Protein chains: 2
Amino acid sequence: MYNMSETDTRSRLLWAAKELIWEYGVAATSPGMLLRRSGAGQGSLYHFFDGKAGWAREAIVAVAAELTAEADETLAGEPAGLPAIERYLQRPRNALLGCRLGRLAFDPDVIADDQLRAPIAGYFAHLRRLLAGAVRDAVRQGELPASTDARALAEALCAVVQGAYVTGRASDDAAAMRRATKAMRALLHAAGAGVGR
Amino acid sequence: MYNMSETDTRSRLLWAAKELIWEYGVAATSPGMLLRRSGAGQGSLYHFFDGKAGWAREAIVAVAAELTAEADETLAGEPAGLPAIERYLQRPRNALLGCRLGRLAFDPDVIADDQLRAPIAGYFAHLRRLLAGAVRDAVRQGELPASTDARALAEALCAVVQGAYVTGRASDDAAAMRRATKAMRALLHAAGAGVGR
DNA sequence: GTCTATAAGTGGATAGAC
DNA sequence: GTCTATCCACTTATAGAC
């Protein structure tokens with residue numbers, strides 16, 4: 001039987017770290033903010049984690065696991081190919097909150113510490129692999145031209161979502177995400193319309 | 001005749017602010033860093049600028065003007081339409097450095113101060129207008145389908161570039177930009193191939 | 001495990017001499 | 001205009017009692 005109270009305080013700290021990093025990034029999240037939001041005391045923080053890099057890394061790793069599971073769910077399901085790509089583009093997203101991992105790409109603390117950047121890189125690598133697979137399925141099913149560069153298109157699909165987070169937040173316009181992904185779907189359909197002729 | 005030494009010190013401070021904000025964002029750039037890089041003294045900083053929000057805003061406004069001029073040059077030139085869009089996508093960019101304005105979208109200081117966010121929003125609004133104009137030209141010239149939603153496609157074109165900065169930096173992979181924009185060009189050509197039949 | 005006390009360093013800004 | 005001295009708040013972390 002494990003110690004329940006330990007698990008609780010540690011979990012609360014990690015939950016608060018995930019929330020705060022989403023809202024403010026790593027560099028702008030301070031130990032004080034973490035203690036206030038979690039309700040834990042300073043002693044607990046340094047008991048459970050090895051400094052700021054410690055809890056930041058654990059939070060990022062946990063979020064990466066969550067987003068990876070979501071991506072698997074969306075893209076590995078049926079039907080495969082173009083419908084899977086459409087499911088990815090049409091996922092509900094709040095452009096103003098930002099991608100929980102993508103918004104960290106230019107965080108000074110993340111740039112300076114490869115231990116923090118690596119889980120983020122891993123998530124995007126996985127996402128691009130899934131998207132490239134969906135593109136190849138689409139080509140196989142005649143939904144996209146045979147000349148399609150799957151790796152490049154996967155990068156563009158990933159980028160258009162991440163970019164809409166950026167322009168949406170910069171312009172304080174949550175509709176940017178819907179517009180950008182709608183245009184992407186239209187392009188894919190128009191490109192696919194010419195196949196087989 | 002204006003005071004040359006004043007102009008010099010002020011210019012050096014502003015130049016340093018633009019550089020540092022590009023490298024670290026606003027929140028992570030401190031007065032101390034600014035003084036070290038510019039070589040100016042503390043007194044000069046507070047003589048010429050009204051606190052951090054002051055020099056940060058001036059730097060952002062200046063960068064927005066520079067990027068706006070670049071966009072005008074690229075997109076307003078000849079030939080118009082799809083070639084203009086291609087020129088935009090193929091501009092030389094360093095994905096690892098990031099967009100000088102887009103990288104600020106999730107900066108805590110920028111999010112918290114509309115005076116800092118407004119020039120960034122203005123730049124992106126201008127860029128989207130230019131891109132939407134190029135898309136309409138392309139439709140008129142038969143390079144894209146008549147059904148094309150110019151505003152949405154402009155958003156997607158803007159987003160794919162901004163997103164490639166994000167995934168490129170996160171994955172420490174400067175080639176992400178070339179891949180994403182290449183896929184976008186291929187999609188545009190494939191979509192345009194079906195026009196007029 | 002959790003608490004309070006503490007400390008060295010930095011961030012952002014002001015004061016006042018020159 | 002530019003300088004140095006100074007200030008308060010906060011960040012990150014450690015010490016040591018309970």
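Bear in mind the structure is a predicted one, so any value in this text is a computation, not a measurement. Residue numbers begin at 1 in each chain, while the letters A, B, ... track the order of the sequences.
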Is it true that, when you exclude [X] itself, more than 12 heavy atoms of the residues, nucleotides or ligands shown sit nearer than 6.0 Å to its [atom1]?
| X | atom1 | answer |
| --- | --- | --- |
| B:R87 | CZ | yes |
| A:E73 | CD | no |
| A:R185 | CZ | yes |
| B:K18 | NZ | yes |

When the distance from [atom1] of [X] to [atom2] of [N] is rounded to whole Å, what number comes out?
| X | N | atom1 | atom2 | answer |
| --- | --- | --- | --- | --- |
| A:F48 | D:dT14 | CZ | P | 17 Å |
| A:R36 | D:dT12 | CZ | C1' | 14 Å |
| A:R12 | C:dT2 | CZ | C1' | 15 Å |
| B:L45 | C:dG12 | CG | P | 11 Å |
| B:H47 | C:dG12 | NE2 | P | 21 Å |
| A:Y24 | D:dT11 | OH | P | 12 Å |
| B:L35 | C:dT10 | CG | C1' | 13 Å |
| B:F49 | D:dT2 | CZ | C1' | 15 Å |

Please find the pair of heavy atoms, one from [X] and one from [Y], that lie closest to each other, and give the distance.
| X | Y | result |
| --- | --- | --- |
| B:A105 | B:I111 | O-CG1, 3.6 Å |
| A:V195 | A:G142 | CG1-O, 3.5 Å |
| A:W55 | A:A17 | CE3-CB, 4.0 Å |

Using a 4.5 Å cut-off on heavy atoms from C-beta on, say whether the side chain of B:M184 contacts that of B:E86. no
Non-hydrogen side-chain atoms of B:L188 and B:L89 separated by less than 4.5 Å: yes
Looking only at side-chain N and O atoms, does A:S30 come under 4.0 Å of OP1 or OP2 in D:dT11? yes
Report yes if at least one side-chain N or O of A:S44 is closer than 4.0 Å to OP1 or OP2 of C:dT2; otherwise report no. yes
Summarise protein proximity over nucleotides 13-18 of chain C in one line of letters, 5' to 3': B for base, S for sugar-phosphate only, - for none, counting protein heavy atoms closer than 4.0 Å. BB----
Between the two end axes of the helix from C:dG1-D:dC18 to C:dC18-D:dG1, each built from 5 base pairs, what angle do you get to the nearest 10°? 10°
